[in-house]
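Only one structure is covered here, and it is reproduced in the block below.
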Amino acid sequence: MASLVSSLSSEVNSVPEKYVVPLEKRVSADVPIGTHIPVIDLTQPSAESIHQIIKASAEFGLFQVINHGVSETLMADALAVCKEFFKLPIEDKVKFVEKDEGLSDFEPSIDQRPKLYIEKEYTPKKKGSNTNEKETVFWKDTFGHGCHPLTEDTIMSWPEKPQTYREVISEYALELRKLSLRILDLMCEGLGLEIGYFGKEHSQTQLMVTHHYPQCPDPNSTIGIAEHCDGALINLVQQELSGLHVRQKDGKWFGVEPIPGALVVINGLILKVVTNGKLSAGVHRVVTNSTSDRTSVGSLISPIECIIEPAKILINESNPPLFKSFSYTEYLGYYFSDTTEIEAALKPYKLYD
Ligand code: OGA
Ligand code: NI
């Protein structure tokens, strides 16, 4: 467990070598807060919300929602139990580390059983070598598990400690799933897709992911998560503190403002494909800070194995398909193995460059 950043960060006052980002890849934590990133009030007339969601999804692939129906108490309780999980003694967490896989990177198992992900330690990249491996270990620990369908067996596989984890997270998972499907339906209305279009095979899994980014002695030399798009359909993230950055269409980066009670909606690559690029996937990253630990809780809705393709109704002579049909499982293989480019997983399926 020495490899858990959370067990090391309080003891060190400099950043161990493997976490140090090469100079040319460093990012500034100091980007402006994106006050123009839409914060959408879901109690306003739905036509307004639809318009704002479609616009934000095209420009950023990311937006925030407020007055979304998930109670602030439940949100606070969910964040609290996830934070407490990381504060548990090592003995309570170690059982969630896969023994036979040794050091595993962030790749959920097919059955989505609970897993504490230890960042893989890569051998330093040789100059000029052309591997797909990332060069730096991210300054974070991650815990995740499935929560749909929410069976008794699933819940019993979750942590026993903190004591209220199972109760709080099952309620939170149901609420976030409901909200995700509601937001997806608003997208459908805006695009002319039938309501419920995403409610079947596109959304048959849900993963609850807690990232814990301990305070870092030298934020400039580390990264929480390097720039990426989520491989899912949609991700709803609760963030307590700033640290999440999003890339605007023109390439500029902005901080996503932490707003109490708000949820950050991040469109995933699958949403981009199915909407034939009408909605983009949010390009985002996470930076570290030297003053406080940061915990985020994300609920990722993804497909089960099915054919992923642009919705037929969005295709016509002036809107040719941008992607060919593909198997979700095959795509996932690319998503986890090739991190050389943000959209590397879609590359084999792109019909235009
Ligand atoms: C992710 C992610 C953002 C955050 O889980 O893919 O980007 O704020 N999380 O931790
Ligand atoms: Ni992400």
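Atoms within each ligand, like the ligands themselves, are counted from 1 in listed order. Just so it is clear, the structure is predicted and the values come from calculations on it, not from any experiment.
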Quiz item: Between Leu244 and Val286, which heavy-atom pair has the shortest distance, and what is it?
Solution: CD1-CG2, 4.2 Å
Quiz item: Counting distance only, does the side-chain N/O of Arg166 pair as donor-acceptor with the main-chain N or O of Met156 below 3.5 Å?
Solution: yes
Quiz item: What about His228 and Tyr335, are their ring centers closer than 6.0 Å?
Solution: no
Practice problem: Of all the heavy-atom pairs spanning Ala262 and Gln64, show the shortest one and how long it is. | Solution: CB-OE1, 3.6 Å
Quiz item: Which is it for Tyr331 and Phe326 under the ring-ring contact (aromatic ring centres under 6.0 Å, His included) test, yes or no, and what are the steps along the way?
Solution: CA-CA 7 Å; Tyr331 149 89; Phe326 57 84; 5.5 Å; yes
Quiz item: Can you check whether Asn319 reaches Lys278 side chain to side chain, under 4.5 Å on heavy atoms?
Solution: yes
Practice problem: Give a yes or no on whether Cys229 keeps an N, O or S atom under 2.8 Å from the Ni ion (ligand 2). | Solution: no
Quiz item: Which protein residues have a heavy atom closer than 4.0 Å to any atom of ligand 1, listed by chain and number?
Solution: His211, Tyr213, Ile225, His228, Asp230, Leu244, His284, Val286, Arg294, Ser296
Quiz item: If you draw a 6.0 Å radius around CD1 in Ile313, do more than 12 non-hydrogen atoms from other residues or ligands fall strictly inside?
Solution: no
Self-check item: OD1 (Asp230) to the Ni ion (ligand 2) to NE2 (His228) angle, given to the nearest 10 degrees
Solution: 100°
